[in-house]
Amino acid sequence: MIVGTIICYVLGTAWFCFEAKSTVSGALSICVFPFIPGDLIKMIIAMLIGPAIKKRLR
């Protein structure tokens with residue numbers, strides 16, 4: 001999950017820099033940093049409930 005999220009952040013930041021003619025630091029402050037806490041919470045929830053869901057699907 002972490003690797004996938006990092007890939008999305010990298011591609012999204014690059015695209016934002018290209019489209020908005022922004023610096024990398026500006027793009028990170030707008031497009032990445034605000035979303036890190038929520039993404040980490042979602043990853044933790046997925047790690048906690050994922051095994052239970054997988055067990056019930058068997």
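The structure presented is a predicted model; accordingly, all values stated were derived computationally and were not measured.
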Spatial distance of atom OH (Tyr9) from atom CG (Leu28) [nearest 0.5 Å]: 10.5 Å

To the nearest 0.5 Å, how far apart are CD1 in Ile49 and CD1 in Ile44? 12.5 Å

Which pair of non-hydrogen atoms, one from Gly26 and one from Thr23, has the smallest distance, and what is that distance? N-OG1, 3.1 Å

Where is the tightest heavy-atom contact between Ile30 and Phe35, given as atom of each residue plus distance? O-CE1, 3.9 Å

Out of curiosity, Leu48 CG to Ile53 CD1, how far, rounded to the nearest 0.5 Å? 11.0 Å

Under 4.5 Å between any side-chain heavy atoms of Met1 and Met47, yes or no? yes

For the CG atom of Leu40 and the CD1 atom of Ile2, what is their distance to the nearest 0.5 Å? 7.5 Å

Counting only heavy atoms from other residues, nucleotides and ligands, does the tally under 6.0 Å from CG of Leu11 exceed 12? yes

Check whether Val24 and Trp15 end up in the same hydrophobic cluster, where Ile, Leu, Val, Met, Phe, Trp and Tyr are linked by side-chain heavy atoms less than 4.5 Å apart. no

Under 4.5 Å between side-chain heavy atoms, hopping through other hydrophobics if needed: is there a path connecting Met43 to Val10? yes

Taking all heavy atoms of Pro34 and all of Pro37, pick out the closest pair and write down the distance. O-CD, 3.8 Å

Taking all heavy atoms of Ala27 and all of Thr13, pick out the closest pair and write down the distance. CB-CG2, 3.7 Å

